[in-house]
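Handing you this structure, nothing more for now.
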Amino acid sequence: MNSNYKQTPEYENRLQEITEKVEAEQRLSIEDGLFLDQQADLLALGELANRVRERKNSNFAYYNTNIHLNPTNVCVYRCRFCAFRADLKDEKAYAFSDDMIRERVEEARQQGATEIHVVGGLHHQKKFEWYLNIIRVIHETDPQIHIKGWTAVEINWFSHITKKPYDWVLQQLLDVGLGSMPGGGAEIFDETVRSQLCEHKADSEKWIEIHRAAHNLGIRTNATMLYGHVEQAEHRIDHLNRLRLLQDETGGFQTFIPLAFHPDNTKLDHIPKPTGQMDLRIIALSRLMLDNFDHIKAYWVMLGEKTAQVALGFGADDLDGTVIHETIYHDAGAETPQELTVEQIHRMIQETGRTPMERDTLYRKVVRDGHSWSIGEPVVMS
Ligand code: V47
Ligand code: SF4
């Protein structure tokens with residue numbers, strides 16, 4: 001980012017051109033994206049992104065009541081940005097039993113959670129049946145809770161160990177209760193950068209192919225981008241563009257979540273954390289480039305509550321949720337709390353002048369009656 005950029009007539013003209021495109025709801029080009037990423041004034045960028053957010057989601061800011069389950073941290077891969085993984089014989093290695101899973105689901109029920117977010121490592125010794133059983137046990141313990149589980153990296157692993165195609169794997173998971181898929185594992189699509197981060201795991205083409213297969217089966221998914229490590233602006237814009245193209249084709253993505261790199265306890269711990277400027281810039285840039293995504297999530301766990309709150313004015317319309325039991329970021333040094341209460345989330349949203357809206361995973365309004373909940377109508381405006 002060029003902090004010495006002078007606001008020359010060329011700059012003003014370029015910004016004006018982009019503003020006109022945004023107002024006319026025209027798609028921004030790769031060059032527009034590079035300009036916004038590298039040169040646009042942060043407040044001007046945020047203001048533009050905020051207009052798009054308002055057009056798509058009016059005055060609502062969404063959150064959900066969710067709980068995380070990371071069934072194992074044992075992983076065959078060694079992503080350089082990961083502080084969560086463990087080797088089989090590590091002291092910190094663990095794998096959940098069925099009883100531990102049931103206990104977590106019971107806790108979710110007590111908390112009134114509508115979603116359980118399930119991701120973890122790719123365990124050297126566990127068969128596909130072990131992963132399938134996790135979804136089955138959750139679903140049998142609480143058929144109402146929505147299971148958002150397994151990233152494309154996991155689906156690719158299951159396909160590898162079963163020697164079956166993606167749609168077979170996905171159908172098996174659907175049959176035992178999978179509801180949707182999270183957006184993890186996307187990292188950065190650019191092949192050169194990706195090979196420096198996570199050489200052996202599912203490549204970008206596979207990530208895209210798996211999300212396409214999921215969408216074709218009617219499974220809604222999310223998408224992420226890990227930023228603030230070794231990537232450059234051109235890689236970020238390329239990443240957003242690849243997502244936008246798949247969304248044109250399938251319409252199956254629900255929300256995009258930019259993930260700020262947390263370096264502590266990773267092999268990249270010499271890289272400083274992204275700054276607040278960068279966090280807000282990426283939120284705004286994502287909102288503007290991903291014109292066919294309904295939602296942009298400011299994941300408070302990694303942004304911190306303060307930046308996440310401000311991000312609601314820079315294009316984000318969603319704060320994720322209560323996020324009980326998150327470990328991936330906390331292992332990488334996130335100093336955010338382990339969870340937020342609904343009251344804290346309401347306060348964060350209301351202070352921005354927005355209306356908090358509890359949603360389920362599929363962005364339908366959640367209606368609460370004491371301890372029970374049900375689903376209302378979809379709340380999406382666009
Ligand atoms: O794929 C791992 C990232 C992802 C670090 O879909 C790290 O609703 C930063 O995808 N610093 C998993 N990032 C988390 C994820 C997610 C989170 C919240 C909501 C949703 C959703 C999805 O976390 C991984 C990787 O990209 N990650 N380690 C780290 N040190
Ligand atoms: Fe394994 Fe996921 Fe960590 Fe990579 S990010 S090492 S795949 S747990």
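Whatever order the structure lists ligands and atoms in, that order sets their numbers, starting from 1. Everything quoted here is computed from the prediction, not taken from an experiment.
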Does NZ or CZ of Arg14 fall inside the cone over Tyr11's six-membered ring, less than 6.0 Å from its centre and within 45° of the axis?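 Not flagged: Arg14 not positioned over aromatic ring of Tyr11.
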Under 4.0 Å, heavy-atom basis, I'd like to know which part of Glu187 is in contact with ligand 1: side chain, backbone, both or neither.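 For Glu187, only side-chain atoms sit under 4.0 Å from ligand 1.
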For the 3.5 Å polar cut-off, considering only N or O atoms, please tell me whether Gly183 and ligand 1 meet it.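 Yes, at least one N or O pair falls under 3.5 Å.
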Shortest protein heavy-atom distance from atom 4 (C) of ligand 1, along with the residue and atom involved: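 Of the protein heavy atoms, Leu259 CD1, 3.7 Å lies nearest.
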Considering all heavy atoms, the nearest Gly184-Thr151 contact: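 Residues Gly184 and Thr151, closest heavy atoms: O-CB, 3.5 Å.
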With heavy atoms only and a cut-off of under 4.0 Å, state how Pro182 meets ligand 1: side chain, backbone, both or neither.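 Both backbone and side chain of Pro182 come within 4.0 Å of ligand 1.
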What are the protein N/O/S atoms, named by residue and atom, that sit under 2.8 Å from atom 3 (Fe) of ligand 2?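 Hits for atom 3 (Fe) of ligand 2 below 2.8 Å: Cys82 SG.
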Quick one: does Met181's side chain get under 4.5 Å of Val119's, heavy atoms only?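 Not touching, per the 4.5 Å side-chain cut-off.
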Find all atoms of ligand 1 within a distance of less than 4.0 Å from any non-hydrogen atom belonging to Ile257, and give their numbers and elements.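 Matching atoms, with element in brackets: 6 (O), 8 (O), 20 (C), 21 (C).
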With heavy atoms only and a cut-off of under 4.0 Å, state how Ala260 meets ligand 1: side chain, backbone, both or neither.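 The backbone, only.
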What atoms of ligand 1 come within less than 4.0 Å of a heavy atom belonging to Ala332?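 With Ala332 as reference, the close atoms of ligand 1 come out as 30 (N).
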Give me the ring orientation class for Trp150 and Phe158: parallel if the planes are under 30° apart, tilted from 30 to 60°, perpendicular past 60°.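 It falls in the perpendicular class, over 60°.
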Is atom 2 (Fe) of ligand 2 close to the protein, meaning a heavy atom under 4.0 Å from it?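 For atom 2 (Fe) of ligand 2 the answer is no, since every protein heavy atom stays at 4.0 Å or beyond.
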Check each of His262, His117, Lys148 against atom 16 (C) of ligand 1 and report the one with the nearest heavy atom.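 It is His117 that holds the nearest heavy atom.
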Taking the side chain as every heavy atom from C-beta outward, state whether Thr341 and Thr322 have any atom pair closer than 4.5 Å.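 No, their side chains stay 4.5 Å or more apart.
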Can you tell me which portion of Val119 lies within the under-4.0 Å heavy-atom range of ligand 1? Options are side chain, backbone, both, or neither.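 It is neither; nothing of Val119 touches ligand 1.
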Whether Gly185 lies under 4.0 Å from ligand 1, heavy atom: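 Judged by the 4.0 Å heavy-atom criterion, Gly185 does count as contacting ligand 1.
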Hydrophobic clusters here meaning ILVMFWY residues chained together by side-chain heavy-atom distances under 4.5 Å, can you tell me if Ile116 and Trp373 are in one?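 Ile116 does not cluster with Trp373.
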Can you pull out the closest protein heavy atom to atom 2 (C) of ligand 1? Residue, atom name and distance to 0.1 Å, please.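 The protein heavy atom lying closest is Ile328 CG2, 3.5 Å.
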Assess Lys127 against Trp130: is NZ or CZ under 6.0 Å from the centre of the six-membered ring, and within 45 degrees of the ring's axis?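 No, cation not above the ring by the 6.0 Å, 45° rule.
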4.5 Å side-chain heavy-atom contact, Leu243 and Phe256: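 They are in side-chain contact.
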Between His346 and Tyr63, is the ring centre distance below 6.0 Å?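 Yes: the rings meet the under 6.0 Å criterion.
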Part of Asp320 within contact of ligand 1 (heavy atoms, under 4.0 Å):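 It is the side chain that touches ligand 1; the backbone stays farther off.
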Which of the numbered atoms in ligand 1 are under 4.0 angstrom from any heavy atom belonging to Asn222?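 Under 4.0 Å from Asn222, ligand 1 has these atoms: 6 (O), 8 (O), 21 (C).
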Atoms of ligand 1 close to Gly184 [distance to a heavy atom under 4.0 angstrom, numbered from 1]: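 Within the 4.0 Å cut-off of Gly184, ligand 1 contributes 1 (O), 10 (O).
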Regarding ligand 1, does Ala83 bring an N or O atom to under 3.5 Å of one of the ligand's N or O atoms?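 No, Ala83 has no N/O under 3.5 Å of an N/O on ligand 1.
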With heavy atoms under 4.0 Å as the rule, classify the contact between Phe84 and ligand 1 as side chain, backbone, both or neither.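 Contact part for Phe84 vs ligand 1: neither.
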Identify, for atom 5 (C) of ligand 1, the protein heavy atom at the shortest distance, and state residue, atom and that distance.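 Closest protein heavy atom to atom 5 (C) of ligand 1: Phe81 O, 3.6 Å.
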Where Arg281 and Leu36 come nearest, the two heavy atoms and their spacing: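 Minimum heavy-atom separation between Arg281 and Leu36: NH1-O, 3.0 Å.
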Quick test: of every protein heavy atom, which one is nearest to atom 9 (C) of ligand 1, and how far off is it to 0.1 Å?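 Result: Tyr329 CE2, 3.1 Å.
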Applying the side-chain hydrogen bond (donor to acceptor under 3.5 Å, both in side chains) test to Asp317, which of His295, Arg354, Arg53 qualifies?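 One option only clears the test, and that one is His295.
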Show the atoms of ligand 1 that are less than 4.0 angstrom away from any heavy atom in Lys297.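 Taking each heavy atom of Lys297 in turn, ligand 1 has 8 (O), 21 (C) under 4.0 Å.
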Of the non-hydrogen atoms in Pro258 and Ile282, which two are nearest, and what is the gap between them?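 That closest heavy-atom pairing would be CB-CG2, 3.8 Å.
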Short list, please: which atoms of ligand 1 are under 4.0 Å from a heavy atom of Thr224?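 Result: 10 (O).
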Taking the inter-plane angle between the rings of Trp207 and Phe189 on a 0 to 90° scale, is it parallel (under 30°), tilted (30 to 60°) or perpendicular (over 60°)?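 Aromatic pair Trp207/Phe189 classed tilted.
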Which heavy atom of Asn66 sits nearest a heavy atom of Ala113, and at what distance?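 In this case the closest contact between Asn66 and Ala113 is CA-CB, 4.1 Å.
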Just which atoms of ligand 1 are under 4.0 Å from any heavy atom in Leu226?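 Those atoms are 7 (C), 9 (C), 13 (N).
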To check your reading of the model: name the closest protein heavy atom to atom 17 (C) of ligand 1, its residue, and the distance in Å.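 Result: Tyr299 CE2, 3.7 Å.
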May I have the step-by-step check of salt bridge (charged side-chain N to carboxylate O under 4.0 Å, His left out) for Arg136 and Glu129, ending in yes or no? CA-CA 10 Å; Arg136 188 186 293 121; Glu129 179 52 33; 3.0 Å; yes
So which atom in Lys92 and which in Asn73 form the shortest heavy-atom distance, rounded to 0.1 Å?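 Nearest heavy atoms, Lys92 then Asn73: O-ND2, 2.9 Å.
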Minimum-distance pair of heavy atoms, taken over all atoms of Asn70 and Phe96: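 Looking at all heavy atoms of both residues, the shortest contact is O-CE1, 4.0 Å.
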